[in-house]
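In what follows, chains are A, B, ... by sequence order, proteins preceding strands, each numbered from 1. Quantities reported herein were computed from a predicted structural model and do not represent experimental measurements.
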There are 2 protein chains.
Amino acid sequence: MSRKKQIEQTATALFKSKGFSATSMRDLANALGIEAASIYSHIKSKEEILQRVCFRMADEFFEAIDAAEATGGTATERLQHAITAHVQVLTNNTEASAVFLHEWRHLSEPYHSQFLSLRDTYEARFRGIIKTGIKNEEFMVPDEKFAALTILSGLNWIHTWYKPEGKMTPAEIADNLSLMLLMGLKTKTDTTLPKSHLTTP
Amino acid sequence: MSRKKQIEQTATALFKSKGFSATSMRDLANALGIEAASIYSHIKSKEEILQRVCFRMADEFFEAIDAAEATGGTATERLQHAITAHVQVLTNNTEASAVFLHEWRHLSEPYHSQFLSLRDTYEARFRGIIKTGIKNEEFMVPDEKFAALTILSGLNWIHTWYKPEGKMTPAEIADNLSLMLLMGLKTKTDTTLPKSHLTTP
DNA sequence: CAAATTTGCTAACGGTTGTTAGGCTTGCTA
DNA sequence: TAGCAAGCCTAACAACCGTTAGCAAATTTG
């Protein structure tokens with residue numbers, strides 16, 4: 001592995017645990033066993049590392065959902081595949097995922113805006129699937145934007161507890177999450193809906 | 001309002017938008033229209049502000065779930081009430097919630113450990129309700145820890161998009177979330193389960 | 001073996017950080 | 001009216017920040 005990749009990887013681990021701003025170049029250098037100034041033989045700036053991690057992860061998420069959606073099928077199946085794809089990317093690189101999810105706001109312009117735009121595009125893919133499912137009468141949900149955000153936020157917590165050596169494989173996590181988000185917690189036989197303040201029946 | 005509360009509130013807004021580490025005392029002073037050194041007439045340190053926000057929010061979450069669980073009822077009802085209580089606290093103070101959820105890791109010891117301990121206790125309350133629901137056969141879910149974390153993470157994304165002037169009231173948000181998390185996206189009539197890698201039937 | 005590239009070093013820069021010391025002004029209270 | 005407290009100021013501190021310059025050793029490549 002190239003030295004640059006090593007630096008990026010070590011930095012990612014530090015960014016995850018301490019945050020981007022609270023990680024100094026001297027911290028990073030110390031973790032690498034070299035001097036801070038030496039890092040600049042390999043990278044242009046501290047933010048360059050953050051940029052590379054954020055946009056590489058964005059690429060991975062898009063590639064994953066492209067592959068997942070290419071299979072077609074019902075909205076239910078497509079959503080399942082999208083969830084599985086998302087979980088796979090998250091579990092394949094938990095540290096970079098954490099940075100991607102939490103440290104992007106330290107990007108400077110124009111990267112900050114670019115990132116937000118990409119994120120919105122990605123969320124729109126989920127909204128699209130859910131919208132289709134609502135039209136199909138596969139799904140019953142008050143608002144597709146609301147649903148998409150809740151699903152994604154449910155998925156995006158994984159990196160805080162997932163350990164590769166844990167008892168659940170990424171595929172099982174994805175299945176459990178699909179099941180829970182699509183079917184809810186309630187047993188099928190129990191059809192009592194929670195009482196609601198909603199006016200729409 | 002006391003000057004100290006003002007400082008705390010202004011700091012909370014900055015901590016939310018820029019993060020704790022990236023917010024300097026001079027930034028905070030500038031937002032208040034005074035000099036950085038003047039702040040130390042009111043507080044002991046920068047971290048004291050973070051501590052106060054984090055532990056005050058923790059208190060609020062505990063008070064809310066205490067009140068919610070005191071009503072009793074089925075596991076379904078208790079979970080609904082807990083979700084509503086959680087959403088109420090989140091929406092009542094979105095900025096402090098964001099700090100509570102994302103900036104706690106910048107607490108120094110022993111506050112860091114204390115905070116994690118409180119958070120785990122709070123999560124255990126949700127796990128307890130879900131566990132009861134599984135025993136009651138109200139809920140059908142592979143793992144209560146998994147379910148609790150997914151629910152809480154679904155709730156904890158609210159602060160990123162919730163605006164008091166938005167079209168959904170906190171009560172409606174809580175209802176929609178309860179409905180979605182308890183019943184899932186799928187229409188009731190459609191009983192087809194997603195295909196699964198799980199061995200447990 | 002020679003050239004070129006990679007990798008690291010020391011020293012230092014200009015700027016920013018959280019925080020302290022000490023003093024001045026304002027407004028309330030005894 | 002004297003005294004006190006609240007609130008803010010300037011000046012400064014030691015430490016730390018990201019980064020650059022210039023150079024030396026090591027490793028790879030021709």
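Using a 4.5 Å cut-off on side-chain heavy atoms (C-beta onward), B:Arg3 and B:Gln6 make contact. Under the 4.5 Å side-chain criterion, counting only non-hydrogen atoms from C-beta, A:Glu47 is in contact with A:Tyr111. Looking only at side-chain heavy atoms (C-beta outward), A:Phe100 and A:Val53 stay at 4.5 Å or farther from each other.
B:His86 has its ring centre no less than 6.0 Å from the ring centre of B:His81.
The side chain of A:His42 lies closest to C:dG8 when the candidates are C:dG8, D:dG18, C:dT20.
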Identify all pairs in which a protein N or O lies below 3.5 Å from an N or O of nucleotides 10-16 of chain D, and state each distance.
none

Hey, what are the protein-to-nucleotides 22-29 of chain D N/O distances that come in under 3.5 Å?
none

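Following rounding to the nearest Å, B:Ile7 (CD1) and D:dC8 (C1') show an atom-to-atom distance of 11 Å. As a whole-Å value, the separation of A:Lys4 NZ from C:dG8 C1' is 17 Å. For the pair A:Asn30 CG and D:dC17 P, the interatomic distance rounds to 11 Å; values are reported in whole Å. Whole-Å rounding puts the B:Ile43 CD1 to D:dA6 P distance at 16 Å. Rounded to a whole Å, the CD1 atom of A:Ile39 is 10 Å from the P atom of C:dG8. Distance, A:Lys5 NZ to C:dT7 P: 14 Å, rounded to whole Å. Rounding to whole angstrom units, CE of residue B:Met25 and C1' of D:dC9 are separated by 16 Å.
Checked against salt bridge (charged side-chain N to carboxylate O under 4.0 Å, His left out), A:Arg52 has the following partners two or more places apart in sequence or in another chain: A:Glu8. Scored by the salt bridge (charged side-chain N to carboxylate O under 4.0 Å, His left out) test, B:Lys16 finds no partners at all (sequence neighbours excluded).
Here ring-ring contact (aromatic ring centres under 6.0 Å, His included) pairs that include residues 7-58 of chain B, with residues two or more places apart or in two chains, are B:Phe15-B:Phe20, B:Phe20-B:His106.
Classified by interplanar angle (parallel below 30°, tilted 30° to 60°, perpendicular above 60°), the ring pair A:His102/B:Trp157 is tilted.
With B:Arg127 as the fixed residue, the side-chain contact (heavy atoms from CB on, under 4.5 Å) test singles out one of B:Asp120, B:Asp143, B:Thr132: B:Asp120.
Both A:Asp27 and B:Ile34 lie close to DNA chain D; mapped to their nearest nucleotides by heavy-atom distance, the more 5′-ward contact belongs to B:Ile34.
For DNA chain D, no neighbouring residue in residues 45-57 of chain B is found when judged by any heavy atom under 4.0 Å.
The CG atom of B:Leu155 lies 11.0 Å from the OG1 atom of B:Thr91; values are rounded to the nearest 0.5 Å.
For the residue pair B:Ser113 and B:Glu109, a side-chain donor N or O sits within less than 3.5 Å of a side-chain acceptor on the partner.
B:Ser2 comes within 4.0 angstrom of nothing in the nucleic acid, heavy atoms only.
The shortest distance between the side-chain N/O atoms of A:Tyr40 and the OP1/OP2 oxygens of D:dT19 is below 4.0 Å.
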